[in-house]
Peer 1: 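Provided herewith is a single structure, encoded as structure tokens, for subsequent inquiry.
One is the number of the first residue; the rest follow in order along the sequence.
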Amino acid sequence: MKRKTFLELSSALALGGIISPLSGCKNESPEMETASTTVPRTNWAKNYTYRAEKLHLPKSTAEVRELVKQLDQQKALGTCHCFNDIADSPKHQISTQDLKQVIGIDEENETITVQAGAKYGEIAPILQEKGFALHNLASLPHISVAGACATGTHGSGVSNGNLPSAVRALEMVNGKGELIKLQRGDERFNGAVVGLGALGIVTQLTLDIEKTFGVRQEVFQDLPLESLQENFEDIMSAGYSVSLFTDWTKKLVSQVWVKRRTDHELVDLGADFYGAKAATRDLHPITRLSAVHCTEQMGKPGPWHERLPHFKMGFTPSSGDELQSEFFVPFENGLEAMLALEKQSEKIFPHLLISEIRTIAADDYWMSPAYQQKSLAIHFTWKPEWPAVKELIPMIEAELAPFGVRPHWGKLFSVPKASLHERYPKMQDFLQMVQAFDPQGKFRNDYLDLNLYDN
Ligand SMILES: Cc1cc2nc3c(=O)[nH]c(=O)nc-3n(C[C@H](O)[C@H](O)[C@H](O)COP(=O)(O)OP(=O)(O)OC[C@H]3O[C@@H](n4cnc5c(N)ncnc54)[C@H](O)[C@@H]3O)c2cc1C
């Protein structure tokens, strides 16, 4: 299919892209390490080819400021792990791949300050060596701190905020090329942290850290749906971080991953967990795949950064050949929302690799899917079958609409702009902030036009 045709077809779904075999996120040849390339570059999943013709690789905040001043249309690019066109620009992308230093660890105030492009998997061992930890991590450590925070990326845990909830301060270059510093407590800070890249280019973030802790990861198989219904809150609260994996069939949750801190009081979970059986070996969430990609399980204690993500740095996370969607509903509606989807299992299952269910504590970030609502996140790792997935996404959103669904900003969705405006009470404040930070619309792109902006 020709690229133009595909984009036209997919525009109604806020999605776009073609599969390009030519290159990944980063251009590998040295001559590409310059400001310009016409070689197609794709996101991680290779389902989207960026339209921006030029990729810029600044090496300092000063260079970012110069670029922002010189260029008209542009957008920040992290590690390219989004599944849609959120990180694209009609003309220029500003990559943070060369902005990844740890600027400092303040042991007394328990913070780490990093450049925007630092990956969680890179800073975690540095923190661990100094005796510190982050409160939580996503399923994969391969993503940049700024890119993850910009979309509200999360792990799991009924008391754990998403990754942006650890941000204490940030610096960003706004559309005028000015360096803006914001910290927790500033009114605009709550608009800026989950900023979708719409306000500027974040150059530096300061994150809360805490004393290091250990985690044991135990996996249980085949949790009866009936038991989940009866014990939903207890199961989701059975550890520091709990994930359910299901393909929605056989009235079973295929795997329950329970991650428990070793500095918390631990009871023996035994071989039978609410009717699910303790796994006898390490497992991949997609049971048939090799667990070599996954962090260690079987209750063996290990440092936080080697247990909280499901996937190891240096290994392909998830399946690699996939699409993803994720939807957030208020936690109190979570079980009912799951049951509504379970009724659609015959439609969903043929195109699904696996679903994951997680919890996220409420936060105050205007554009966070967990804004002022403790949430249940219902995630879909799809087979790379776009024509079928494109049909399923609106069906799932319709099932979840009565529960006030909010989509993951970095994954595939089709919730219309009007509904997004209804479901984000601070949307108008955010749009005013965009206008103030980027009066010329330098960071505008198709995604923001389709999902957020009125004109
Ligand atoms: C295998 C896999 C597993 C995943 N697991 C999870 C998970 O467990 N939980 C979850 O919530 N999500 C998950 N995701 C989604 C992913 O974490 C998010 O989409 C995240 O935003 C990707 O970060 P990135 O650095 O790749 O950002 P990019 O995709 O490069 O960019 C994302 C957005 O951030 C903006 N941005 C990037 N850098 C900056 C900057 N310096 N300043 C301003 N804006 C910036 C971009 O403009 C864009 O809007 C997963 C994705 C994959 C591929």
Side-chain angles (χ1 to χ4, degrees), residues 107-112 120 124-125 127-139 141 154-163 165-166 207-224 227-245 253 255-283 285 291 294-312 331-332 334-335 356-363 370 374-377:
E107 298 196 9
E108 201 181 317
N109 291 306
E110 300 205 328
T111 62
I112 182 170
Y120 283 98
L127 280 173
Q128 172 64 13
E129 206 186 299
K130 295 268 183 200
F132 288 98
L134 295 166
H135 80 291
N136 209 357
L137 290 167
S139 70
H154 62 94
S156 192
V158 285
S159 304
N160 294 328
N162 54 20
L163 303 191
S165 69
L207 308 177
D208 291 330
I209 55 176
E210 59 188 274
K211 296 280 179 291
T212 187
F213 55 89
V215 175
R216 300 172 47 158
Q217 182 162 234
E218 284 146 292
V219 175
F220 299 88
Q221 290 184 277
D222 294 338
L223 174 73
S227 172
L228 181 70
Q229 281 177 252
E230 282 162 18
N231 306 288
F232 185 63
E233 293 214 26
D234 289 345
I235 290 172
M236 296 315 288
S237 318
Y240 183 69
S241 163
V242 174
S243 287
L244 310 179
F245 289 97
V253 168
Q255 295 180 20
V256 184
W257 289 37
V258 183
K259 298 171 195 259
R260 296 190 297 163
R261 287 176 67 139
T262 54
D263 59 348
H264 291 177
E265 202 180 321
L266 298 184
V267 293
D268 183 7
L269 293 180
D272 186 310
F273 178 79
Y274 296 96
K277 299 281 167 284
T280 52
R281 61 178 175 90
D282 283 359
L283 292 174
C294 298
T295 49
E296 214 165 323
Q297 303 157 31
M298 300 299 295
K300 189 171 170 205
W304 60 282
H305 66 297
E306 293 179 3
R307 296 293 181 276
L308 289 176
H310 306 327
F311 303 105
K312 291 190 273 207
F331 181 76
E332 60 272 20
L335 180 61
E356 180 177 10
I357 319 294
R358 288 176 281 184
T359 51
I360 305 105
D363 61 59
K374 179 178 166 185
S375 301
L376 192 82

Peer 1: Any side-chain heavy atom of L376 sitting closer than 4.5 Å to one from F331?
Peer 2: yes

Peer 1: Can you name the side chain to side chain donor-acceptor pair (under 3.5 Å) partners of S241, sequence neighbours left out?
Peer 2: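 With sequence neighbours excluded, S241 shows a side chain to side chain donor-acceptor pair (under 3.5 Å) to no residue whatsoever.
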
Peer 1: So does V267 get a backbone contact from the side chain of R260, meaning a donor-acceptor N/O pair under 3.5 Å?
Peer 2: yes

Peer 1: How far does CG of L308 sit from CG of L134, to the nearest 0.5 angstrom?
Peer 2: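 Answer rounded to 0.5 Å: 9.5 Å.
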
Peer 1: Measuring from atom CD1 of I360 to atom CG of N160, what distance do you get when rounded to the nearest 0.5 angstrom?
Peer 2: 10.0 Å

Peer 1: Only counting residues at least two apart or in another chain, list the ones meeting ring-ring contact (aromatic ring centres under 6.0 Å, His included) with F273.
Peer 2: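 Once residues adjacent in sequence are excluded, the partners of F273 under the ring-ring contact (aromatic ring centres under 6.0 Å, His included) criterion are F220.
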
Peer 1: Name all residues meeting the side chain to side chain contact (heavy atoms under 4.5 Å, CB included) criterion together with A138; count only those two or more places apart in sequence or in a different chain, and write none if there are none.
Peer 2: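 Once residues adjacent in sequence are excluded, the partners of A138 under the side chain to side chain contact (heavy atoms under 4.5 Å, CB included) criterion are L140, I143, T153, L163.
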
Peer 1: H135 and Y240: side chain to side chain contact (heavy atoms under 4.5 Å, CB included), yes or no, with the steps?
Peer 2: CA-CA 10 Å; H135 80 291; Y240 183 69; 4.0 Å; yes

Peer 1: Identify the two heavy atoms, one from S159 and one from A361, that lie closest to each other, and give their separation to 0.1 Å.
Peer 2: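 Shortest heavy-atom contact: C-CB, 3.8 Å.
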
Peer 1: According to salt bridge (charged side-chain N to carboxylate O under 4.0 Å, His left out), who are the partners of K300, at least two apart in sequence or on a separate chain?
Peer 2: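 By the salt bridge (charged side-chain N to carboxylate O under 4.0 Å, His left out) rule, K300 matches E296.
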
Peer 1: What's the separation between atom CD1 in I209 and atom CG in N109, rounded to the nearest 0.5 Å?
Peer 2: 9.5 Å

Peer 1: Taking side chain to side chain contact (heavy atoms under 4.5 Å, CB included) as the test, write out the residues that go with P224, two or more places apart.
Peer 2: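 Scan of P224 (side chain to side chain contact (heavy atoms under 4.5 Å, CB included), adjacent residues dropped) gives S227.
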
Peer 1: Locate the shortest heavy-atom distance separating I357 from M236; write the atom from each residue and the value.
Peer 2: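 So the two residues come closest at O-CE, 3.9 Å.
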
Peer 1: Got a sec, which residues hit side chain to side chain donor-acceptor pair (under 3.5 Å) with N136, two or more places apart in sequence or on another chain?
Peer 2: none

Peer 1: Which heavy atom of A279 sits nearest a heavy atom of L283, and at what distance?
Peer 2: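 In terms of heavy atoms, the two residues are closest at CB-CD1, 3.8 Å.
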
Peer 1: For G157, is there any backbone N or O sitting under 3.5 Å from a side-chain donor or acceptor partner on T359?
Peer 2: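 Judged by distance alone, yes, a pair lies under 3.5 Å.
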
Peer 1: Return the OG1 to CD distance between T295 and E306, rounded to the nearest 0.5 Å.
Peer 2: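 So the OG1 of T295 and the CD of E306 are separated by 9.0 Å.
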
Peer 1: Just how far is it from atom CD of Q255 to atom OG of S243, taken to the nearest 0.5 Å?
Peer 2: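 One finds 10.5 Å between CD of Q255 and OG of S243.
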
Peer 1: Any chance you could lay out the side chain to side chain contact (heavy atoms under 4.5 Å, CB included) test for I235 and V253, step after step, and finish with the verdict?
Peer 2: CA-CA 12 Å; I235 290 172; V253 168; over 6 Å; no

Peer 1: Where do R358 and S156 come nearest, in terms of heavy atoms and distance?
Peer 2: CB-OG, 3.3 Å

Peer 1: Tell me every residue that passes side chain to side chain contact (heavy atoms under 4.5 Å, CB included) with D263, counting only those two or more places apart in sequence or in another chain.
Peer 2: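 Here the qualifying residues are F213, R261.
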
Peer 1: Test side chain to side chain contact (heavy atoms under 4.5 Å, CB included) on H305 and L127 and set out the steps.
Peer 2: CA-CA 9 Å; H305 66 297; L127 280 173; over 6 Å; no

Peer 1: Write down the atom of E107, the atom of K130, and the distance for their closest heavy-atom approach.
Peer 2: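 Residues E107 and K130, closest heavy atoms: OE2-CD, 3.8 Å.
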
Peer 1: Using the salt bridge (Lys or Arg N to Asp or Glu O under 4.0 Å) rule, collect all pairs that involve residues 264-275, keeping only residues at least two apart or in two chains.
Peer 2: D272-K277

Peer 1: So which atom in A278 and which in G270 form the shortest heavy-atom distance, rounded to 0.1 Å?
Peer 2: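 Looking at all heavy atoms of both residues, the shortest contact is CB-O, 4.1 Å.
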
Peer 1: Assess the pair Y274 and F232: is the distance between their ring centroids shorter than 6.0 Å?
Peer 2: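 So the answer is no for these two rings.
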
Peer 1: With sequence neighbours left out, what residues match R307 under side chain to side chain donor-acceptor pair (under 3.5 Å)?
Peer 2: none

Peer 1: Does atom CD of E230 have more than 12 heavy-atom neighbours, drawn from other residues, nucleotides or ligands, at distances under 6.0 Å?
Peer 2: yes

Peer 1: Can you list the residues that meet the ring-ring contact (aromatic ring centres under 6.0 Å, His included) rule with F245, with sequence neighbours excluded?
Peer 2: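 Per chain and number, F245 pairs via ring-ring contact (aromatic ring centres under 6.0 Å, His included) with W257, H310.
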
Peer 1: For E332, what residues pass the salt bridge (charged side-chain N to carboxylate O under 4.0 Å, His left out) criterion, not counting sequence neighbours?
Peer 2: none

Peer 1: Tell me, please, which residues at least two apart from T262 pass side chain to side chain contact (heavy atoms under 4.5 Å, CB included).
Peer 2: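 Residues passing side chain to side chain contact (heavy atoms under 4.5 Å, CB included) with T262: R216, P301.
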
